[in-house]
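Below is one structure, written out as C-alpha cells; the observations come after it.
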Amino acid sequence: MSGVGQDYPVTRGADRGGEPVAGDLSRPRLTVVSGPSGVGKSSVVGQLRLLEPNLYFSVSVTTRAPRPGEVDGNHYHFVDSAEFDRMVAGNRLLEWAEFAGNRYGTPREPVEQALAEGRPAVLEIELQGARQVRAAMPEARLVMLMPPSWEELVGRLTGRGTETEAAVAARLAEAERELAAAGEFDERVVNADVEVAARRLLDLIAGGGDSAAERCDDTEHHE
Ligand code: 5GP
C-alpha cells in the first residue's frame, strides 16, 4: 500500500496554513479525531490544545500499561480490567473498543458536562469507537488524520521504539484497516505538518465543513 493520501478526496491542511481561524466556537459540538497509530494524533491534538484552550479534551480510560513518561489522569486514566468491566456495565463509557490487545473507552459524564457548559469537546479515538459515536450522536463531526504516505507511517511506527515487534505489527495491521475506512469520515486531514494540521482541525471545529447529520439535510452539499 502506498500513497494512501492520494486515494481519497483529502482536505490538505497545508491549503489553510497560517490563516487565522474564523468561525463559531459558541455552538458546542463533539469532534472525533481518528487515524492510524503513528499518524501523529497526539501531537496534533496537543497543538490544538495550545491553540484553543477552551476546548474540552477527553481523557480516556485504558487497560494498557503506561508508557514511559505517561501520567495517570493526564494522558489516560490507567485502570485494570475489572474496573473497565464495571465502567462498561454501568454505562459510564460513551464508546469503547479493544485495540491491539487492550481496551480503551471515553468516560461519558465529563464529555456531556463539557457540552452542556458550552465547550466543544474533542475525542482522540480509534475507528470502532468513532463508529459508535457516529451511531449515538449523528451531529458529531468525524475527522480522520492521514499520513502523507504509507511508508512514512511505517517509519514513524517502527521508529517510536516503545513497542515490541509484535505490537508494531498489530498496530500496522490496524492502521491498514483504519485507512481503508477513511471514506466514512466527514473530513480527512493529512498530517504533513503538526501546526498546519492542528489549525485545519480548529477551523473544522469552529464550523467549517459539515457533519453527517447536516449533510442529510443538505442535498446540495458537494465534496
Ligand atoms: P495508544 O495505545 O497508542 O495510546 O492508543 C491506541 C489507539 O487507541 C489509538 O488509536 C487511540 O486513538 C485509541 N484510543 C485512545 N483512547 C480511546 C478511547 O477512549 N476509545 C477508543 N475507541 N479508542 C481510543
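Counting convention: from 1, in listed order, for ligands and their atoms alike.
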Check: Arg171 N/O within less than 3.5 Å of ligand 1 N/O: yes

Ligand-side contact atoms (ligand 1) for residue partner Glu95, heavy atom cut-off under 4.0 Å: 18 (C), 19 (O), 20 (N), 21 (C), 22 (N)

Interfacing atoms of ligand 1 (cut-off 4.0 Å, heavy-atom, Arg64): 1 (P), 2 (O), 4 (O)

Arg171 and Glu174 ion-paired at < 4.0 Å: no

Numbered atoms and elements of ligand 1 in range of Gly129, under 4.0 angstrom, heavy atoms: 22 (N)

Derivation of the side chain to side chain contact (heavy atoms under 4.5 Å, CB included) call for Met137 and Leu115: CA-CA 12 Å; Met137 305 172 84; Leu115 293 173; 4.2 Å; yes

Distance filter under 4.0 Å to Lys41 heavy atoms, resulting ligand 1 atoms: 9 (C), 10 (O), 12 (O)

Ligand-residue contact atoms, ligand 1 with Arg67, heavy atoms, under 4.0 Å: 1 (P), 2 (O), 3 (O), 4 (O)

Geometric class of the Tyr76/Tyr104 ring pair [parallel <30°, tilted 30-60°, perpendicular >60°]: tilted

Under 3.5 Å: N/O of Trp96 near N/O of ligand 1: no

Contacting atoms of ligand 1, where contact means under 4.0 angstrom from a heavy atom of Gly105: 18 (C), 19 (O), 20 (N)

Min N/O separation Tyr76 to ligand 1 under 3.5 Å: yes

Where ligand 1 meets Glu124 - atom numbers and elements under 4.0 angstrom, heavy-atom basis: 12 (O), 14 (N), 15 (C), 16 (N), 17 (C)

Close-contact set for ligand 1 against Ala97 heavy atoms, below 4.0 Å: 22 (N)

